[in-house]
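I have placed the structure first, in the form of structure tokens, so that the comments after it can refer back to it.
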Amino acid sequence: MKKLRKDKTHPYVYETHLHTSQGSACAYSDGKEMANACKKAGYTGIIVTDHFFYGNCNINRKLPWKIWVEEFCKGYEDAKKQGDKIGLQVFFGWEAGYNGTEFLIYGLNKEWLINHPEIKDASVEEQFSLVHEGGGIVIHAHPFREESYIPEIRLFPKYVDGVEGVNSKHSCITSLSHNNPLFDELAKEYAKKYHLPMTAGSDIHDTDLLCGGMAFSRKLVDSNDFIKAILDRENYILLDGNESL
């Protein structure tokens with residue numbers, strides 16, 4: 001199994017973009033399996049970001065909203081339960097889809113989702129306002145990825161808090177899909193142009209890890225602490241997975 005090669009000054013590594021088979025139709029491993037794999041690889045924590053309602057979601061969209069949310073959160077909850085047992089921090093998020101354009105949402109929880117069904121049909125602008133009102137943030141995921149399911153590249157610099165500058169699917173030499181480092185180079189330029197902070201994640205869908213993510217000099221407390229670190233532009237390192245080879 002591939003393992004992280006940690007920087008001595010930034011030994012706390014977090015996977016910020018992770019899918020489970022319970023929530024994402026394109027994923028192959030469940031929350032418990034993902035937690036176990038990430039712990040063995042050396043991660044301090046993970047953020048489960050399954051595909052949301054209009055993305056490649058694995059939950060029946062005909063279910064009543066509360067039941068839908070409960071089903072959607074099972075991948076995270078299984079990962080969290082296992083993480084608590086093995087000493088892996090597990091935070092909650094999701095990946096919202098807008099006809100191929102995707103955003104990572106951090107800092108909210110299941111109760112917030114249940115109480116805000118309007119988020120399901122919110123526009124990009126409305127999503128930004130709703131998430132901010134709840135205390136969360138919006139990160140534009142892989143903004144320059146080119147694939148058949150993405151009809152066009154659309155940018156929303158006024159309606160995001162940051163940019164996923166490194167996606168290991170693009171840059172890691174062991175990635176088997178979406179592999180084009182140019183996508184990340186363009187994302188970094190975009191973030192710099194609009195003075196937006198950057199994140200990094202592996203976009204993993206199974207236990208064959210790429211070992212990307214974000215390395216911090218300290219252990220994070222919770223999702224709110226993760227948000228603070230990003231918005232404060234804390235001195236963290238963006239990992240593309242190649243450092244782990």
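Remember, predicted model here, so these are calculated numbers, not experimental data.
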[X] and [Y]: which non-hydrogen atoms are nearest, and at how many Å?
X	Y	answer
Ala37	Leu209	O-CD1, 3.5 Å
Gly212	Ser202	N-OG, 2.8 Å
Gly241	Cys172	C-SG, 4.0 Å
Phe144	Ala187	CD1-N, 3.5 Å
Gly100	Ile150	O-CG1, 3.7 Å
Ala200	Met214	O-CG, 3.4 Å

Would you mind reporting whether [Y] and [X] have side-chain heavy atoms less than 4.5 Å apart?
X	Y	result
Asn99	Arg154	yes
Ile105	Val138	yes
Ser171	Pro181	yes
Asn179	Lys169	no
Trp94	Leu104	no
Asp161	Leu196	no
Cys211	Leu4	yes
Glu133	Leu130	yes

Q.
Using the rule given for side-chain hydrogen bond (donor to acceptor under 3.5 Å, both in side chains), can you reason through Asn58 versus Gln22, listing the C-alpha separation, both sets of side-chain angles and the distance that settles it, and then say yes or no?
A. CA-CA 7 Å; Asn58 202 28; Gln22 289 112 309; over 6 Å; no
Q | Residue pair Tyr54, Asp121: steps toward the side-chain hydrogen bond (donor to acceptor under 3.5 Å, both in side chains) verdict | A | CA-CA 9 Å; Tyr54 290 115; Asp121 294 305; 2.5 Å; yes
Verify the ring-centre separation between [Y] and [X]: is it less than 6.0 angstrom?
X	Y	value
Tyr76	Phe92	yes
His17	His19	yes
Phe216	Tyr12	no
Phe226	Tyr106	yes

(Q) Applying salt bridge (Lys or Arg N to Asp or Glu O under 4.0 Å) to Lys80 and Asp84, what does each step give before you reach the verdict? (A) CA-CA 6 Å; Lys80 178 71 166 62; Asp84 289 345; 3.0 Å; yes
Q.
With side-chain contact (heavy atoms from CB on, under 4.5 Å) as the criterion, how do Lys120 and Trp65 come out once you've worked through the C-alpha distance, each side chain's angles and the decisive distance to 0.1 Å?
A. CA-CA 9 Å; Lys120 175 174 70 71; Trp65 178 247; 3.7 Å; yes
Q: With sequence neighbours excluded, give me every ring-ring contact (aromatic ring centres under 6.0 Å, His included) pair touching residues 22-50.
A: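 Residue pairs with at least one partner in residues 22-50: there are none.
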In Å, rounded to the nearest 0.5 Å, how long is the span from [atom1] of [X] to [atom2] of [Y]?
X	Y	atom1	atom2	value
Ile139	Thr49	CD1	OG1	12.0 Å
Phe156	Phe128	CZ	CZ	12.5 Å
Met34	Leu88	CE	CG	11.0 Å
Tyr236	His10	OH	NE2	11.0 Å
Leu238	Glu164	CG	CD	10.0 Å
Ile67	Ile59	CD1	CD1	12.0 Å

Q) side-chain contact (heavy atoms from CB on, under 4.5 Å) between Met198 and Val166: does it pass, once the steps are laid out? A) CA-CA 8 Å; Met198 287 185 276; Val166 176; over 6 Å; no
Lys/Arg N to Asp/Glu carboxylate O, [X] vs [Y], below 4.0 Å:
X	Y	value
Lys110	Glu77	yes
Arg145	Asp203	yes
Asp184	Lys188	no
Arg218	Asp225	yes
Lys66	Glu70	yes
Glu234	Lys228	no

Q.
For a side-chain hydrogen bond (donor to acceptor under 3.5 Å, both in side chains) check, start with the C-alpha distance between His142 and Glu95, then their side-chain angles and the critical distance, and finish with the verdict.
A. CA-CA 11 Å; His142 44 70; Glu95 186 171 19; 3.3 Å; yes
Atom pairs and distances, donor-acceptor, side-chain atoms in residues 112-119, under 3.5 Å, two or more places apart:
unit_1 : atom_1 : unit_2 : atom_2 : d
Asn115 : ND2    : Glu111 : O      : 3.1
His116 : ND1    : Trp112 : O      : 2.8

Q.
For Tyr98 and Phe103: C-alpha separation, side-chain torsions, deciding distance, then whether ring pair (Phe, Tyr, Trp, His ring centres under 6.0 Å) applies.
A. CA-CA 8 Å; Tyr98 290 84; Phe103 303 92; 5.7 Å; yes
Q: Walk me through it: do Val163 and Thr199 pass the test side-chain contact (heavy atoms from CB on, under 4.5 Å)?
A: CA-CA 6 Å; Val163 174; Thr199 66; over 6 Å; no
Q: Check the side chains of Asp240 and Ser168 for a donor-acceptor pair under 3.5 angstrom, ignoring hydrogens and angles.
A: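 Side chains of Ser168 and Asp240: no pair found under 3.5 Å.
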Q.
Whether the Glu33 and Thr207 side chains hold a donor-acceptor pair (N or O, under 3.5 Å, no angle test) is what I'd like checked.
A.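 Side-chain D/A pair, Glu33 to Thr207: absent.
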Is it possible for you to say whether [X] and [Y] belong to one hydrophobic cluster, with membership spreading through side-chain heavy-atom contacts below 4.5 Å?
X	Y	value
Phe91	Leu231	yes
Val124	Tyr149	no
Val13	Leu210	yes
Ile227	Ile237	no
Val69	Phe53	yes

Q | Name of the residue among Ile46, Leu18, Asp78, Ile47 meeting side chain to side chain contact (heavy atoms under 4.5 Å, CB included) with Val90 | A |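 Of Ile46, Leu18, Asp78, Ile47, side chain to side chain contact (heavy atoms under 4.5 Å, CB included) with Val90 is met by Ile46 alone.
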Q) Could you go step by step and tell me if Asp30 and Ser21 meet the side-chain hydrogen bond (donor to acceptor under 3.5 Å, both in side chains) rule? A) CA-CA 5 Å; Asp30 62 31; Ser21 56; 5.3 Å; no
Q) What is the ring orientation for His178 with His170, classed by angle as parallel under 30°, tilted 30 to 60°, or perpendicular over 60°? A)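 If you compare the ring of His178 with that of His170, the planes turn out perpendicular.
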Q) Which of parallel (below 30°), tilted (30 to 60°) and perpendicular (above 60°) describes Phe72 and Trp68? A)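 Because their plane-to-plane angle is under 30°, the rings of Phe72 and Trp68 count as parallel.
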Q | side-chain contact (heavy atoms from CB on, under 4.5 Å) between His51 and Cys26, worked out | A | CA-CA 9 Å; His51 288 293; Cys26 45; 3.4 Å; yes
